[in-house]
Amino acid sequence: MDEIEIEVPSFFVCPISLEIMKDPVIVSTGITYDRDSIEKWLFSEKNNTCPVTKQLLTDSELTPNITLRRLIQSWCALNSSYGIERFPTPRAPVSKSQLVKIFNDARAPELRLKSLEKLRSIASQNETNKRSMESAGAAEFLASIVSRTVDREVTSTSGSEEILDLMKAGEEALSILYNLQLSENGLKSLLQVRNGKFIESLVLVMQRGSYESRAYAVMLLKSMAEFADSLQLMNLSKEFFVELVQILHDNISKKASKAALKLLISICPSGRNRIKAVEAGAVQILIELLLESSEKRSTEMMIMVLDLLCQCAEGRAELLKHGAGLAMVSKKILRVSRVTSERAVKILYSIGKFSATPAIVQEMLSLGVVAKLCLVLQVDIGNKSKERAGEMLKLHARAWKNSQCIPMGLLSLYPC
């Protein structure tokens, strides 16, 4: 028997996914989309326009198109004999009153874990629930549980069942908090929790928590740092940097390591933070990680952090103290990416200009750094990098120019 093609009415099809809508919702421009598709567009992909009209959406509220949903369900039922299944009626988004009740229940110790499990289930259903939770104050509520947990853990010397339950609640709350994927306003609100001291709570989680909780803490801190003011970033504690470096050392997950690197990149333009990071051992651990790194993006970020840290004398001294420091930075030039090459040349330039003792100048020659700088002059690496390489070669020309350590093919490139 020949297969019968069923023509789907065009207004049943989502403009984004081009599939039949299971849960049609209307955005503020009046266009209807399938909930999953428009939520991905708005919340996961961080867009703020209507995909069809390109107009700016005045808000992210999604209104169920009940009439269209019923038409689609009726059409599916009429064509069931052709193998088309009727879409079930979607569950209504959580209401603020439901959330407030769960928040209140969670204040009772015996209901805390059960309430958090309900919140996790609600958040996992769809993006609308996540946004509803954020609007209802879930971020502040969950952050308060995390803070209360670490405070009690620090002050308590007992391993009572109450403390163990509170620790479980803290880990659950932190997991939910991270997975809410808070908006800019939500992340800014976290920066004000406990009069701006929620960061300290997350540092304690990185210090004392499980591997999973430490990962959530550093990834959440990375997101929060994007919206922190300069004063908050300059007042970060030494412990903050110690625990950040420890995350890199322990390599608990790729996501956590990348979050730690991104966090260092965002906070180390401050000179005070550079010194704190160096004192926490960041330079040494980054060189060790570079020795083993083969992943492009991670290598780029490690070199970017080293570049920032080598802009202070303490950072350059730590890099030179490591036996593989100079060699590893030089090795990454022209081997990973243009960004890596440019930053690595900048690191060598900083050392050659500000920290080059006669011994260091000779070490750079014997390690092949000078030959690499000569090579930089003839490749497409960016004018600024070529200028830096040329300036450095001229600066130490007396020690380098006539050396037998430079291959003849590259010696001809040496700037006059």
Side-chain angles (χ1 to χ4, degrees), residues 43-44 46 103 106 116 119-120 122-124 127 129-131 133-151 153-154 166-229 232-233 235-237 239-268 273 277 280 301 305:
F43 306 126
S44 300
K46 308 292 185 183
F103 296 162
L116 288 171
L119 290 177
R120 176 185 287 280
I122 290 168
S124 68
E127 288 291 333
N129 280 355
K130 290 180 181 179
R131 303 286 75 80
M133 289 172 67
E134 183 177 329
S135 299
E140 296 85 346
F141 168 73
L142 294 166
S144 69
I145 291 181
V146 174
S147 296
R148 209 157 51 238
T149 300
V150 293
D151 287 346
E153 188 184 352
V154 169
L166 190 59
M167 288 172 60
K168 288 180 184 177
E171 292 190 351
E172 182 74 358
L174 181 57
S175 171
I176 298 168
L177 185 57
Y178 171 74
N179 285 298
L180 281 179
Q181 296 297 298
L182 297 171
S183 66
E184 178 179 340
N185 288 335
L187 292 167
K188 286 180 177 178
S189 73
L190 284 184
L191 290 164
Q192 306 307 318
V193 171
R194 297 183 70 209
N195 296 319
K197 293 185 177 181
F198 182 55
I199 288 177
E200 295 176 14
S201 297
L202 292 177
V203 171
L204 287 171
V205 172
M206 288 197 293
Q207 185 180 68
R208 299 166 178 267
S210 64
Y211 269 23
E212 186 177 29
S213 293
R214 292 171 67 200
Y216 284 135
V218 72
M219 290 188 289
L220 188 57
L221 282 166
K222 186 267 296 182
S223 299
M224 291 168 60
E226 295 176 22
F227 305 105
D229 59 45
Q232 285 175 309
L233 295 180
N235 287 333
L236 293 170
S237 65
E239 290 76 15
F240 177 95
F241 291 90
V242 169
E243 297 309 322
L244 209 52
V245 171
Q246 193 63 43
I247 292 283
L248 291 172
H249 176 272
D250 293 345
N251 194 24
I252 57 181
S253 75
K254 287 184 179 180
K255 282 187 176 181
S257 294
K258 286 186 177 181
L261 290 169
K262 288 178 182 177
L263 193 46
L264 285 168
I265 290 169
S266 68
I267 62 181
C268 284
N273 285 345
M301 289 191 289
V305 177

Distance-minimising heavy-atom pair for Glu172 and Arg120:
OE2-NE, 2.7 Å
For Phe198 and Ser147, which heavy atoms make the closest approach, and how far apart are they?
CD1-OG, 3.4 Å
So does Asn179 get a backbone contact from the side chain of Lys130, meaning a donor-acceptor N/O pair under 3.5 Å?
yes
A side-chain contact here means heavy atoms from C-beta on lying under 4.5 Å apart; do Met206 and Gln246 qualify?
no
Between the CZ atom in Phe241 and the SG atom in Cys268, the distance rounded to the nearest 0.5 Å is 5.5 Å
Hey, are the side chains of Asn185 and Phe227 touching, using non-hydrogen atoms and a 4.5 Å cut-off?
no
Gap between atom NZ of Lys188 and atom CG of Asp229 - 0.5 Å precision:
10.0 Å
Compare all side-chain heavy atoms of Leu174 with those of Tyr178 and state whether any distance is below 4.5 angstrom.
no
Over all heavy atoms of both residues, which pair between Leu182 and Lys46 is shortest? Give the atoms and the distance, please.
O-NZ, 4.4 Å
Check whether any side-chain heavy atom of Arg214 lies under 4.5 Å from a side-chain heavy atom of Ile247, and answer yes or no.
yes
Considering only heavy atoms from C-beta outward, does the side chain of Phe240 approach that of Leu263 to under 4.5 Å?
yes
Between the OG atom in Ser175 and the CG atom in Leu119, the distance rounded to the nearest 0.5 Å is 11.5 Å
State the CG-CG distance between Leu221 and Leu202, to the nearest 0.5 angstrom.
4.5 Å
What one should report as the nearest heavy-atom pair of Ala215 and Ile252 is N-CD1, 3.7 Å
Specify the closest pair of heavy atoms between Ile122 and Asn129, including all atoms of both residues, with the distance to one decimal.
O-ND2, 3.0 Å
Going by side-chain hydrogen bond (donor to acceptor under 3.5 Å, both in side chains), name the residues that satisfy it together with Ser183, two or more places apart in sequence or in a different chain.
Glu134
As an exercise, state the distance from CD of Gln232 to CD1 of Ile267, rounded to the nearest 0.5 Å.
12.5 Å
Closest non-hydrogen atoms of Glu171 and Ser210, given as atom of the first, atom of the second and distance, are OE2-OG, 3.3 Å
pair Leu142-Leu116: side-chain heavy atoms closer than 4.5 Å
yes
Would you call Glu127 and Arg131 a salt bridge, using N to O less than 4.0 angstrom?
yes
Ser189-Glu140 side chain donor-acceptor pair, cut-off 3.5 Å
yes
Would you say the side chain of Asn251 lies within less than 4.5 Å of the side chain of Ser257, judging by non-hydrogen atoms?
yes
Output for pair (Leu233 CG, Met224 CE), nearest 0.5 Å, gives 10.5 Å
